[in-house]
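What follows is a short report on a single structure.
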Amino acid sequence: MDRAEHAGKLFIISGPSGAGKGTICKRLVEDTKVEVSVSMTTRNPRPGEEEGVSYYFTTKEAFCKEIEAGGFLEHAEVYGNYYGTPKAKVIEKLQQGIDVVLEIDIQGALNVKTAYPDGIFIFILPPSMAELRKRITGRGSETEDAINLRLSQTLKEVSYIDKYDYCVVNGELEEAVSRVKAIVVAEHSRVSQNVYKLIEKYKEEV
């Protein structure tokens, strides 16, 4: 089966701040044919940002119309600006046989699960709370109170892990990346409609 016949899959990656989900997603896109989902936003472009690459930039009026039309897999308002994952853009890539990865917070992932239950949901975990504290502290951008708040939030976030299909502990980056890549490969080996189509072709060839 060529790429167009083999439907792409949507991989949703979540995890607490400091777990390394952003780095893992970046490596997945760099090392494989998986493409990153491009979000739509109502904020103004920053220097160097490109339309359709960094974001799809739009007006609040147009964004709200998309919400009403059910045009997003998920959306949220952050500091007065709207952000969302355009459903049509993702579906278009999947129909072309392209795998898409979406890095998103837990609440957004749960919304995607409702809008697109066929997604594959992966939760990235830190090896320990001590290591998570070390990573967040290493950024040097947060106060002790803010760090404690993040750690407390992490315990709330991991309570949603039963909503996910896979979990990967990111203790050693290369191993974690390898495991996520393995999930992508395994998901394409599932018995699915694509396989049944191939079997029908077998029958035609006999």
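In what follows, every heavy atom counts, from backbone to side chain, and hydrogens, waters and symmetry copies are set aside.
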Worksheet item: Is Phe121 linked to Leu110 within one hydrophobic cluster, defined over Ile, Leu, Val, Met, Phe, Trp and Tyr using a side-chain heavy-atom separation of less than 4.5 Å?
Response: yes

Fill in: Whether Glu49 side chain and Arg46 backbone form a donor-acceptor pair below 3.5 Å
yes

Fill in: ILVMFWY network linking Val112 to Val36, side-chain heavy atoms under 4.5 angstrom
no

Worksheet item: Do the non-hydrogen side-chain atoms of Ile104 and Glu74 ever get within less than 4.5 Å of each other?
Response: yes

Worksheet item: Hey, what do you get for OG (Ser14) to CD (Glu157), rounding to the nearest 0.5 Å?
Response: 9.0 Å

Worksheet item: So, are Lys26 and Glu30 salt-bridged, with charged N and O less than 4.0 Å apart?
Response: yes

Worksheet item: Is it true that Phe123 and Tyr160 have ring centroids separated by less than 6.0 Å?
Response: no

Worksheet, complete the sentence: Lys9 and Glu187 have their tightest heavy-atom pair at CE-O, 3.0 Å

Discussion item. What I want to find out is whether Glu68 reaches Lys65 closely enough, with some N-O distance under 4.0 Å, to be called a salt bridge.
Written reply: no

Item to complete: Please report the C-alpha distance between Leu28 and Lys181 in whole Å, then the side-chain angles of each, then the deciding distance to 0.1 Å, and finally whether the side-chain contact (heavy atoms from CB on, under 4.5 Å) criterion is met.
Response: CA-CA 7 Å; Leu28 186 64; Lys181 289 179 183 177; 4.0 Å; yes

Discussion item. For Phe11, give me all partners under ring pair (Phe, Tyr, Trp, His ring centres under 6.0 Å), at least two apart in sequence or on another chain.
Written reply: none

Discussion item. Take a 6.0 Å sphere around CZ of Arg43 and say whether it holds more than 12 heavy atoms from other residues, nucleotides or ligands.
Written reply: yes

Worksheet entry | Within one Ile-Leu-Val-Met-Phe-Trp-Tyr cluster: Val169 and Val158, side-chain cutoff 4.5 Å | yes

Fill in: CZ/Arg139: more than 12 non-hydrogen atoms of other groups inside 6.0 Å
yes

Worksheet entry | Salt bridge flag under 4.0 Å for residues Glu174 and Arg27 | yes

Practice prompt. Kindly say whether Tyr83 contributes a backbone atom to a donor-acceptor pair with the side chain of Thr41 at under 3.5 angstrom?
Written response: no

Discussion item. On a heavy-atom basis, which atom in Gly80 and which in Lys60 lie closest, and how many Å separate them?
Written reply: O-NZ, 2.8 Å

Practice prompt. May I ask you to check whether over 12 heavy atoms, not counting those of Lys113, lie within 6.0 Å of atom NZ?
Written response: yes

Fill in: Separation between OH of Tyr164 and CD1 of Ile13, rounded to the nearest 0.5 Å
10.5 Å

Worksheet entry | Contact summary for Ala115 and Leu73, nearest pair of heavy atoms | CB-O, 3.7 Å

Worksheet entry | Residues Glu200, Lys203; criterion salt bridge (charged side-chain N to carboxylate O under 4.0 Å, His left out); working and verdict | CA-CA 5 Å; Glu200 289 303 314; Lys203 294 176 182 177; 3.2 Å; yes

Practice prompt. Please check if atom NZ in Lys87 has more than 12 non-hydrogen atoms from other residues, nucleotides or ligands closer than 6.0 Å.
Written response: no

Discussion item. Could you tell me if the side chain of Ile24 sits less than 4.5 Å from the side chain of Ile122, heavy atoms only?
Written reply: no

Fill in: Closest non-hydrogen atom pair, Val168 against Val180
CG2-CG2, 4.1 Å

Worksheet entry | Intermediate values then yes/no, side-chain contact (heavy atoms from CB on, under 4.5 Å), Met40 and Phe72 | CA-CA 9 Å; Met40 183 176 288; Phe72 293 106; 3.8 Å; yes

Discussion item. Has Ser54 got a side-chain atom pairing as donor or acceptor with Glu50's backbone, closer than 3.5 angstrom?
Written reply: yes

Worksheet item: Going through the checks in order, is the side-chain contact (heavy atoms from CB on, under 4.5 Å) test met by Tyr116 and Leu102?
Response: CA-CA 12 Å; Tyr116 192 80; Leu102 173 59; over 6 Å; no

Worksheet item: At what distance, to the nearest 0.5 angstrom, does CG of Leu10 lie from CD1 of Ile98?
Response: 13.0 Å

Fill in: His188 side, atom NE2; Asp99 side, atom CG - distance, nearest 0.5 Å
3.0 Å

Item to complete: Answer whether the closest heavy-atom distance between the side chains of Arg133 and Ile147 falls below 4.5 Å.
Response: yes

Practice prompt. Under the side-chain contact (heavy atoms from CB on, under 4.5 Å) rule, what do Ile106 and Lys163 come out as? Steps first, then yes or no, please.
Written response: CA-CA 10 Å; Ile106 284 82; Lys163 306 295 184 184; over 6 Å; no

Practice prompt. Heavy atoms only: give me the nearest Pro86-Gly84 pair and the separation to one decimal.
Written response: CD-O, 3.4 Å

Worksheet, complete the sentence: CG of Asn170 to CG of Leu132, rounded to nearest 0.5 Å, is 10.5 Å

Response to the item:
Here the gap from Gln153 atom CD to Asp105 atom CG, rounded to the nearest 0.5 Å, amounts to 9.5 Å

Worksheet entry | Backbone N/O of Ala19 and side chain of Arg135: donor-acceptor pair under 3.5 Å | yes

Discussion item. I'd like to know if Leu94 and Ile12 are part of one continuous hydrophobic network [Ile/Leu/Val/Met/Phe/Trp/Tyr, side-chain heavy atoms within less than 4.5 Å].
Written reply: yes

Worksheet item: Of the non-hydrogen atoms in Asp165 and Gly119, which two are nearest, and what is the gap between them?
Response: OD2-O, 3.7 Å

Discussion item. Can a side-chain donor-acceptor contact be found between Glu66 and Tyr82 if the only test is distance below 3.5 angstrom?
Written reply: no

Discussion item. If hydrophobic clusters are built by linking Ile, Leu, Val, Met, Phe, Trp and Tyr wherever their side-chain heavy atoms come under 4.5 Å apart, do Ile183 and Val177 end up in the same one?
Written reply: yes

